[in-house]
Amino acid sequence: MQLYILGLASGTKKKISLSSNDLEKSLLFFLLKEKKIPLASSCNGHKVCKKCVFNEKLLMCNFTVKDFLDREIKISYL
Ligand code: FES
């Protein structure tokens, strides 16, 4: 089980291996705090700031890790 991160600004690709314990975690906080990916967020995941946008129009704080299992997460400013 993996997540794939693509930073569109830098062209950086990252593959993150997952355990079953990760699946129910917030996608935003898992990547930001556990994997130290510098994601934008000024509302701390309260769905207000809209800075956590990815894949053009989705908000990362609306999803869990399992929602993007084996799918690519494209972040424009990375
Ligand atoms: S972190 Fe602010 S809207 Fe997602």
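Order of listing sets the numbers, starting from 1, for every ligand and every atom in it.
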*Can you run down the ring-ring contact (aromatic ring centres under 6.0 Å, His included) pairs that involve residues 9-38, sequence neighbours left out, and say none if there aren't any?*
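Output for this query is empty, none listed.
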
_By salt bridge (charged side-chain N to carboxylate O under 4.0 Å, His left out) - contacts of K51 (at least two apart)_ =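 Testing K51 for salt bridge (charged side-chain N to carboxylate O under 4.0 Å, His left out), a comparison that skips the adjacent residues, returns none.
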
*asked:* My understanding is that only residues two or more places apart in sequence, or in another chain, count here; which of them pass salt bridge (charged side-chain N to carboxylate O under 4.0 Å, His left out) with E56?
replied: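 For E56 there are no salt bridge (charged side-chain N to carboxylate O under 4.0 Å, His left out) partners, ignoring immediate neighbours.
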
*asked:* Would you compute the distance between atom CG of L28 and atom OG1 of T64 and round it to the nearest 0.5 angstrom?
replied: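 It comes to 12.5 Å.
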
*To the nearest 0.5 angstrom, please state how far the CD1 atom of I73 sits from the CG atom of L3.*
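Reported value, rounded in 0.5 Å steps: 4.5 Å.
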
*Check atom 2 (Fe) of ligand 1 and write out every protein N, O or S atom at under 2.8 Å, as residue and atom.*
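Checking every protein N, O and S atom gives C43 SG, C49 SG.
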
*Would a line drawn from the ring center of Y77 to the ring center of F54 be shorter than 6.0 Å?*
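For Y77 and F54, the ring centres are not under 6.0 Å apart.
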
